[in-house]
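Treat the numbers as computed from the prediction; the structure is a model and nothing was measured.
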Amino acid sequence: MEKGVVLKKGLFVTVEGGEGAGKSTCLDYVKQLLEQKGINAVFTREPGGTEIGEDVRSILLNKKYLGMSADTELLLMFAARAEHIDKKILPNLSDGKWVISDRFTDATYAYQGAGREIGPERVALIEDWVQGELRPDMTLLLDLPVEVGMERATKRGELDRFEVEQMSFFERVAAIYRQRAQAEPQRFRVVDASKVITEVHEQIKSIFEAKFSELGI
Ligand code: Z5A
């Protein structure tokens, strides 16, 4: 599909948050909400979502590459994303399906832009080049204190190449997510992910009910 031309009919929703924020847990619930409403949706993730993207993901998360340069990491994220957009995101949106992605480019601003201190300008340059006009219609930010998320992630099992970073890295990530949510309140919906799962679900339900009513469905 030609870059910069977004023939979009479905809705593009992304879910973001720091380590252990509960994205996977929340996405299982979003799936139920959309099924109940009879909405045809495709669930996907980044980095990943395609065969090439999943291979790139395994490089990105592998602790064998702890010394990977920040620019290599940034470009691999966008290489996986280019494939994801061309092969999965745009074709499904133009078919009228909703596409729900566990992470997208806000994660690049947070992890590479802020965490790795590359800065937002270079991320924005590649974003425009790879995505053309494509931006999420709605982004859920699962927000919680860094220590709580790390405790949950650590309890869950072995840590990946990102999860072994210092607390200061995760503090920079969390700060940029909050900053982006404040800068774009029309796109972001902030969820207090420190609450118990049932309360997190309640918040998600109200967000989707508001969206359904806005769209008249
Ligand atoms: N990355 C990047 O650097 N740049 C980019 O552009 C992109 C990604 C797209 C892989 O992402 C890594 O890629 C990620 C950023 C980087 N860094 N890391 N690590 P990922 O999304 O696949 O991996 P993740 O962030 O590590 O997600 P996660 O740890 O799998 O967390 P989660 O999906 O948000 O959480 P969860 O598995 O649903 O929950 C974690 C645990 O907490 C689990 O045991 C749950 O049962 C528990 N949980 C969940 N909710 C609750 C509540 N409310 N209370 C108590 N316990 C809970």
What residues form a salt bridge (charged side-chain N to carboxylate O under 4.0 Å, His left out) with [X], not counting sequence neighbours?
| X | result |
| --- | --- |
| Glu19 | none |
| Lys205 | none |
| Lys211 | Glu214 |

(request) Could you tell me whether Arg81 and Glu127 make a salt bridge, using a distance below 4.0 angstrom between a side-chain N and a carboxylate O? (result) no
Establish whether [X] and [Y] are linked, either directly or via other cluster members, by ILVMFWY side-chain heavy-atom contacts under 4.5 Å.
| X | Y | answer |
| --- | --- | --- |
| Ile89 | Met77 | no |
| Ile59 | Phe78 | no |
| Ile217 | Ile204 | yes |

(request) Describe, in one word, how the ring planes of Tyr111 and Tyr177 are oriented to each other, choosing from parallel (under 30°), tilted (30 to 60°) and perpendicular (over 60°). (result) perpendicular
Would you say [X] and [Y] make side-chain contact, with heavy atoms under 4.5 Å?
| X | Y | result |
| --- | --- | --- |
| Phe162 | Glu73 | yes |
| Met167 | Glu147 | yes |
| Lys31 | Leu27 | no |
| Ile126 | Leu75 | yes |
| Arg156 | Glu163 | yes |

Determine yes or no for a side-chain-to-main-chain donor-acceptor pair under 3.5 angstrom, with [X] supplying the side chain and [Y] the backbone.
| X | Y | value |
| --- | --- | --- |
| Lys63 | Leu159 | yes |
| Glu16 | Phe104 | yes |
| Asp95 | Lys97 | no |
| Asp137 | Phe12 | yes |
| Arg103 | Pro47 | no |

Euclidean distance, [Y] [atom2] relative to [X] [atom1], rounded to 0.5 Å:
| X | Y | atom1 | atom2 | answer |
| --- | --- | --- | --- | --- |
| Asp106 | Leu141 | CG | CG | 8.5 Å |
| Asp128 | Arg135 | CG | CZ | 5.0 Å |
| Gln203 | Thr198 | CD | OG1 | 10.5 Å |
| Thr25 | Leu142 | OG1 | CG | 9.0 Å |
| Lys64 | Arg161 | NZ | CZ | 12.5 Å |
| Leu140 | Asp102 | CG | CG | 11.0 Å |

(message) Show every salt bridge (Lys or Arg N to Asp or Glu O under 4.0 Å) that has at least one partner inside residues 48-57, sequence neighbours left out.
(response)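 Matches after skipping sequence neighbours: Arg45-Glu54.
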(message) Testing the basics here: between Ala21 and Ala193, what is the closest heavy-atom pair and its distance to 0.1 Å?
(response) O-CB, 3.5 Å
(request) Look at atom CG of Leu76 and say whether more than 12 heavy atoms of other residues, nucleotides or ligands are closer to it than 6.0 Å. (result) yes
(message) Show every ring pair (Phe, Tyr, Trp, His ring centres under 6.0 Å) that has at least one partner inside residues 50-70, sequence neighbours left out.
(response) none
(request) Write out all pairs satisfying ring pair (Phe, Tyr, Trp, His ring centres under 6.0 Å) with one or both partners inside residues 188-217, taking only residues at least two apart or from two chains. (result) Tyr29-His201
(message) Using salt bridge (Lys or Arg N to Asp or Glu O under 4.0 Å), reason through Arg189 and Asp143 one step at a time and then give a plain yes or no.
(response) CA-CA 10 Å; Arg189 306 286 182 277; Asp143 187 38; over 6 Å; no
(request) Answer with yes or no whether the side chains of Gln131 and Thr105 bring together a donor and an acceptor at under 3.5 Å. (result) yes
